[in-house]
Amino acid sequence: MWKYVLRRFLITVPTIFGVITLAFLMIRLAPGDPAELLLGDYVGISAEVLEDLRRKIGVDRPWYVQYLFYLRDFLTGDLGTSFRTGRPVLQEIVSQFPFTLMLAVAGVVFAVVMGVPTGVLAAMRRNSWLDYISTTLAMVWVSSPSFWFGILLIYVFAFLLGWFPVFGAGKGGNWGSLALHLVLPAIAVGARSAALITRISRSAMLDILSLDYIRTARAKGVVERLVVYKHALRNALIPIITVIGLDMAYLLSGTVIIETVFSRPGLGKYVIDGVYARDYSTVQGGIVVFAIFVLLVNLLVDLSYAVIDPRIRYA
Amino acid sequence: MLDLLRRIWLRKSAAIGLIVVLLIVLVALLAPLIAPEDPNRQDLMGRLQSPNWEHWLGTDSFGRDQLSRLIFGARISLMVGVVAVALAAFLGGAIGLLGGYYGGGIDNVLMRLIDVLMAFPTLLLAIVFLAMLGERLGGLSNIMVAVGVASTPHFARLVRGQVLSIKEQDFVEAARALGGSAGRLMVRHILVNSLSPVIVFATLRVATVILTEASLSFLGLGVPPPTPTWGGMVAEGTRFLQRAPWLSLIPGVAIMVTVLAFNLFGDGLRDALDPKLRGVGDVSAREY
């Protein structure tokens, strides 16, 4: 098992290196002189001042030297300084990240709690009204834009019914307030995944319920509840977990836009605000941390297969 | 072709998807003829009207007719959807074909690059490409290129997988034995035979790309105003959500219906072309 974990981890390392390099190239290829961007709207700056600033932030050197310095800084945890706030990017990311993590985890929890039971029920009552309604709703949900769904939730549950607060993430330290602010964004982030998980759970359960060993279990008189939960669902979990894992990247992508809809702090909003302000070191640091997070989630998903399905470890 | 249409027609949901897609294409093409007003004509005296006989979907904060803007907005969504997917299929197809056919070092390098690109959520990747492009291509072309390039890795993976299985088959071997050049083998024999899943994936991907474009427009990073885009209309409407909720909610329904139609049509096309392709769509549905 440990050999598998180590091998899988070693495959991730070059990809992380690639992500860091790509982020460097993307930002260096962006239009505009970083020094001029840093000065913003100041007009009439002399060439000497600009040159001095370029030397100070290191963009006067050839690109490969800049790249080596960038790598060195990155490996020592220095992601640069935000043009906007003047604070170290890493420090800002560390303060924003917990909000995104909280939103993503709450979104996944919502998606699983909604999706798996609905899919299993739909499979067990195939062709019933429950099956039709859940599959139709899942198709509609998969097709609706998450930002629009978020706005719909705000309109109904915050404006019309007044059950939930609209904007922000709540008061730090006050768990009740944090949780209350999390409900609507988590539903908006997780809705599409819930729909996908419903569809996959249904088809995985249908596949497995038609297999011989299930017929055997029923024939020898095992209670239906045990057949479904112990014999069938456990084996249906592999495709379901695959979809949850693959969907994590999408779900994280969803946090980018949902954080903006609900004006929640978080990594996604941090990157978007950086793009608006052309604060490239913010964008660079933000997307690298985002991508590394996605890679680590993929790694965890792969490792979880090995735990669930022992055949994978020895493959 | 007729047989394919008949098989799609037999599936009710696919037929509905196809009809809705055709209707939306028609609306986009005929926009100047069927829109009741110029989508950018402002009427500040008649702003924020609720739906009425004169303005079926009401007016926005500048007094512009929402129905006309919705009709013209279909053009941007469809154009970005189709062009970006075509670009992604072309670039991804070329990468997948080269990697899959030659294997070895070339494949390794290309696939590691694809791995790196896939680590970024597509929306984020598109945003970064947009930032990179700056003002270089201008509005609409920027969006098409950014979203197209961000969707490339998915096509590269798909085509590579196809090429790997097809290149081992006897007919390719026979063509090679007859002296076919690498280029001819790749295009005339391998690519042509791997088109079915690519077409299905591309149809479903249009749906995903329309969602990405809508998200970018919603964030204010899409085609700049006053050009009407569905995502932009949802964003503009949020400022008046309490007073005029339809401003945000109706364009969202338009996005949903279009995406749903492409999804239904894509699913039906997949079943009609080859039932063995089940699963191709599930990949496309997972992110945007």
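Remember, it's a predicted structure, so these values are computed and weren't measured experimentally. Residue numbering restarts at 1 for every chain, and letters A, B, ... go by the order of the sequence lines.
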F164(A), CZ atom: more than 12 neighbouring heavy atoms under 6.0 Å: yes
Heavy-atom contact with chain B under 4.5 Å, split by part of L295(A): side chain
Chain B contacts, top residue of I154(A), I16(A), V19(A) (heavy-atom pairs, under 4.5 Å): V19(A)
Heavy-atom pair of closest approach, residues P145(A) and G252(B): CD-O, 4.3 Å
Most contacts with chain B, counted as non-hydrogen pairs under 4.5 angstrom, among F17(A), Y276(A), Y155(A), F293(A): Y155(A)
Option that, when pairs with chain A are counted at under 4.5 Å, heavy atom only, ranks first among L130(B), L125(B), V116(B): V116(B)
Validation row: R192(A), L211(B) side chains within 4.5 angstrom (heavy atoms): yes
Residue part contacting chain B, namely of L22(A), when any heavy atom lies under 4.5 Å: side chain
Chain B interface, residue from V140(A), V283(A), V271(A) that has the most non-hydrogen pairs under 4.5 Å: V140(A)
Atom pair CG (L113(B)) and OG1 (T21(A)), whose distance is rounded to the nearest 0.5 Å: 11.0 Å
Worked verdict on D115(B) versus T15(A) for side-chain hydrogen bond (donor to acceptor under 3.5 Å, both in side chains): CA-CA 7 Å; D115(B) 281 349; T15(A) 316; 4.8 Å; no
Chain B contacts, top residue of I292(A), V256(A), I151(A), V288(A) (heavy-atom pairs, under 4.5 Å): I151(A)
Straight-line distance of I11(A) CD1 to R112(B) CZ, nearest 0.5 Å: 8.0 Å
Interchain contact, A214(B) with chain A, by part (heavy-atom threshold 4.5 Å): both
T238(B) versus chain A, the contacting section by heavy-atom distance below 4.5 Å: side chain
CZ/F99(A): more than 12 non-hydrogen atoms of other groups inside 6.0 Å: no
Atom group of V253(B) that falls short of 4.5 Å from chain A, counting heavy atoms: both
Reported CD1-to-CG distance for the pair I272(A) and L124(B), which is rounded to 0.5 angstrom: 7.0 Å
Worked check of side-chain contact (heavy atoms from CB on, under 4.5 Å) between L219(B) and F147(A): CA-CA 10 Å; L219(B) 290 171; F147(A) 58 88; over 6 Å; no
Which of G220(B), S248(B), A207(B), G231(B) touches chain A most, by non-hydrogen pairs under 4.5 Å: S248(B)
